[in-house]
Participant: 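A single structure is presented below for examination.
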There are 2 protein chains.
Amino acid sequence: MKALPTPPEGETGPVTIYDVAARAGVGIATVSRAMNGSAPVAEATRAKVLAAVEELGFRPSHAGTSLAARTHAANGIVFPDLSGPYYAEVLLGYEETASRLGRSVLVLATHGRPDPDAAVRDLAGRVDGIVLLGRTVPDHVVEALSAFGLPVVVVARPEVAGVDSVRANSVDAARALGEHLAGHDLRKVAFLGSPEESPDVAERWRGVREGLGAHGIEPTVTPCLFDEESGARVAAGLLAVDDRPDALVCANDEIALGAIVAAEQIGLRVGRDIAITGWDDVMAARHARPALTTVRQPMRALGTLAAEVLDQRINATRTTPRHELLATDLVVRDSCGPHP
Amino acid sequence: MKALPTPPEGETGPVTIYDVAARAGVGIATVSRAMNGSAPVAEATRAKVLAAVEELGFRPSHAGTSLAARTHAANGIVFPDLSGPYYAEVLLGYEETASRLGRSVLVLATHGRPDPDAAVRDLAGRVDGIVLLGRTVPDHVVEALSAFGLPVVVVARPEVAGVDSVRANSVDAARALGEHLAGHDLRKVAFLGSPEESPDVAERWRGVREGLGAHGIEPTVTPCLFDEESGARVAAGLLAVDDRPDALVCANDEIALGAIVAAEQIGLRVGRDIAITGWDDVMAARHARPALTTVRQPMRALGTLAAEVLDQRINATRTTPRHELLATDLVVRDSCGPHP
DNA sequence: GGAGGCGTAGGAAGCGCTTTCATGTGGCGA
DNA sequence: TCGCCACATGAAAGCGCTTCCTACGCCTCC
């Protein structure tokens, strides 16, 4: 059991650097130096100061520090949305690394917000650097922030001039997926998702088309929101026609899981009568029956790397833009049919 | 701390309230009043000020504001861990509501951190209030923060004296689950999870025991980490013995999904030879085959409510502790056997 | 016509910290 | 013995904002 610091008698309000200085019999400048090691302090003095800090339970005010030092010791991260396991993992990696580097993390979800740009700008005023995921704000806002001198890293979004970026290699994995599907005996392939909604999805669509195109297959694209219910609805529509697709390539796992339900509802055997694939490899993907063929992304690593890249910029360790591309894995399971 | 770089010659630093005041031909006090509406300002003056703000693109420094106004306009939230869909939903609800109330959100994950208590205390210094989820820090830290005058709300954790709390009604749902299982022809029930690790799990265990006990069934408890791999391993051990359990009641869905895999691996038909239940109703629960019987918690509402309760404390709208208990739903699917 | 009231606005004092600049001290070489 | 130079330290000047207190018109009311 740790003893709690004794609050000063008769004092009101939190302990300040002045209280510590008085207690240690030194000036406030010395307290600051002793605590931060920003300048040499005699060993005896330092000991006195640290003792006073301990006795009074002194915690420097962040507001004071950040005003004087013009630094926030905090990073921001902006999500389109926080639901789904995808972003949570990114945040986890980001927070872990940022905190290891001594920075707090402020989160902002733009989804359903009246004025995302203003919210991001506000966030920008409280942090030393910011990570933007996907299409949360338009390019001109990204550029404005960056031009203003705020370090910015974009994740899962196409490169913006002069701004660091960290991405998963969607194109290669999508191409591999397309080629894998071409290996099955498929002729009519439909892509479910809205490439124009998300740059990341646009890459998936492009890769899939390239992979299939190499084998003479020309997929179609059908817009679809990124949730299960939409996936089920859109899939039901696609499968209701006579000349239905042999394969549904879905922009994410939620859509695919919804599509599986829709296909089964009209009596199709997924993996035999029809192939269905997802993207993200969420937990449900491997527990679904048939298990979902999908693509695994290094989500946690994305967050970790973003935090590191951002830190280099904040500390001015590096001034040239850095663009990271992380590998992704095609995960073949049963939903795309018996393995040839 | 980082050395501040001298701004290049001719470079205009960030716009301050002085710049705005000069441009509008008024004093800084008037700018402040015009922007915050903290005191009456003549309409003509206000227009001049707002025009200057617009032209200069003035954004008040948060550090300055928070130092002068002794407020941060920010809330903290502390998670044990951020992986899994559970906490992400809570965060989503929390962030949404906090931001609607004009507050930013700082997140902190204590999992795998060398000194969680210190991290929480540090966080406490940058926010106006804090939400603690589960067993992230010991009670004495919660009490210390609260005693220090910082509004604190605990979520998914037993009430702490004088501290607001928001919880899901685990006991009732667990009792309902226990009773439901007793309705199937089960004699030997094993609970997988560590009640002593998490207060929330302790409640689940208690409720299950009560529900089964009412029908003369005495379940056993087997410690288990809260991930899939542990669930599979512990379940495999339990099922390997001759007199194996008829039912595995798992502390969360991950454990249950692992247990399903383990059971199937030794040839058991889940839902017929053995009943398995989870907790949380993650997406994978409804896609698993057999679909998982589980308990749905109002996670998003938990986050939203926590933000509201906290806000009342911060604004001193309320000074008596508030303890919220949200209803949870038993979701019966196929993994616990054919419905009687 | 003078005193008081009211609405408006500016000056200036902090908020708690970092950092510069000036000062005091002791050690050292000449 | 004297002067010089590191070194350690304190006083004080901000950092950008809010807010108290005061000042100044101008109007109203005796």
Side-chain angles (χ1 to χ4, degrees), chain A residues 8 11-50 52-53 56-74 122 124-126 128, chain B residues 1-7 12-50 52-53 56-74 122 124-126 128 149:
Chain A
E11 282 281 329
T12 49
V15 181
T16 73
I17 197 171
Y18 286 93
D19 302 323
V20 175
R23 175 87 166 216
V26 300
I28 58 164
T30 301
V31 174
S32 174
R33 287 188 282 247
M35 292 191 71
N36 305 325
S38 49
V41 171
E43 197 44 55
T45 313
R46 156 172 283 117
K48 270 194 305 185
V49 169
L50 296 183
V53 165
L56 297 172
F58 172 60
R59 314 236 109 219
S61 146
H62 268 288
T65 307
S66 90
L67 186 56
R70 283 111 170 259
T71 197
H72 294 93
D122 178 79
R126 356 177 108 229
D128 301 322
Chain B
M1 291 291 150
K2 174 180 102 173
L4 11 146
T6 322
T12 60
V15 181
T16 73
I17 197 170
Y18 287 92
D19 302 324
V20 175
R23 174 86 166 216
V26 301
I28 58 163
T30 301
V31 174
S32 174
R33 287 187 284 248
M35 291 191 71
N36 305 324
S38 49
V41 171
E43 198 43 57
T45 313
R46 156 171 285 117
K48 270 194 306 186
V49 170
L50 296 184
V53 165
L56 268 39
F58 171 60
R59 321 229 39 129
S61 144
H62 268 288
T65 307
S66 90
L67 186 56
R70 285 112 172 265
T71 191
H72 294 94
D122 178 78
R126 357 177 106 229
D128 301 321

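Just so you know, these numbers use all the heavy atoms, side chains as well, and skip hydrogens, waters and symmetry mates. To find a chain, count down the sequence lines: A is the first, B the second, and so on, and within it residues start at 1.
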Participant: Round to a whole Å and report the spacing from NE2 of His72(B) to P of dC17(C).
Facilitator: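 Computing the His72(B):NE2 to dC17(C):P distance gives 11 Å.
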
Participant: Distance-only, no hydrogens or angles: does the Arg126(A) side chain make a donor-acceptor pair with backbone N or O of Ala74(A) under 3.5 Å?
Facilitator: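 Not a single qualifying donor-acceptor pair exists.
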
Participant: Starting from P on dC17(C), measure out to CZ on Arg126(B) and report it in whole angstrom.
Facilitator: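 After rounding, the gap between these two atoms is 14 Å.
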
Participant: Look at Ser32(B) and dT18(D) and indicate whether a side-chain polar atom (N or O) is within less than 4.0 Å of OP1 or OP2.
Facilitator: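 Yes, within the criterion.
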
Participant: Check the distance between dT18(C)'s C1' and Met35(A)'s CE and give it to me in whole angstrom.
Facilitator: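 My rounded result for the distance is 13 Å.
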
Participant: Taking side chain as C-beta onward, heavy atoms only, is Leu56(B) less than 4.5 Å from Arg23(B)?
Facilitator: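 In short, these two side chains touch, coming nearer than 4.5 Å.
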
Participant: Heavy atoms, side chains only, cut-off 4.5 Å: are Val53(A) and Met35(A) in contact?
Facilitator: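 They are in side-chain contact.
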
Participant: Indicate yes or no: at least one non-hydrogen side-chain atom of Asp122(A) is less than 4.5 angstrom from one of His62(B).
Facilitator: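 The answer is yes; the side chains approach within 4.5 Å.
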
Participant: With Phe58(A), which of Ile17(A), Leu50(A), Asp19(A) fulfils side-chain contact (heavy atoms from CB on, under 4.5 Å)?
Facilitator: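 Among Ile17(A), Leu50(A), Asp19(A), the one that satisfies the side-chain contact (heavy atoms from CB on, under 4.5 Å) with Phe58(A) is Ile17(A).
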
Participant: With the side chain counted from C-beta on, respond yes when Arg33(B) and Val49(B) share a heavy-atom pair under 4.5 Å apart, and no when they do not.
Facilitator: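 Side chain of Arg33(B) against side chain of Val49(B), heavy atoms only: no contact under 4.5 Å found.
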
Participant: Using a 4.0 Å heavy-atom cut-off, write out nucleotides 5-16 of chain C from 5' to 3' as B (base contacted by protein), S (sugar-phosphate only) or - (no contact).
Facilitator: ---SBBB--BBB

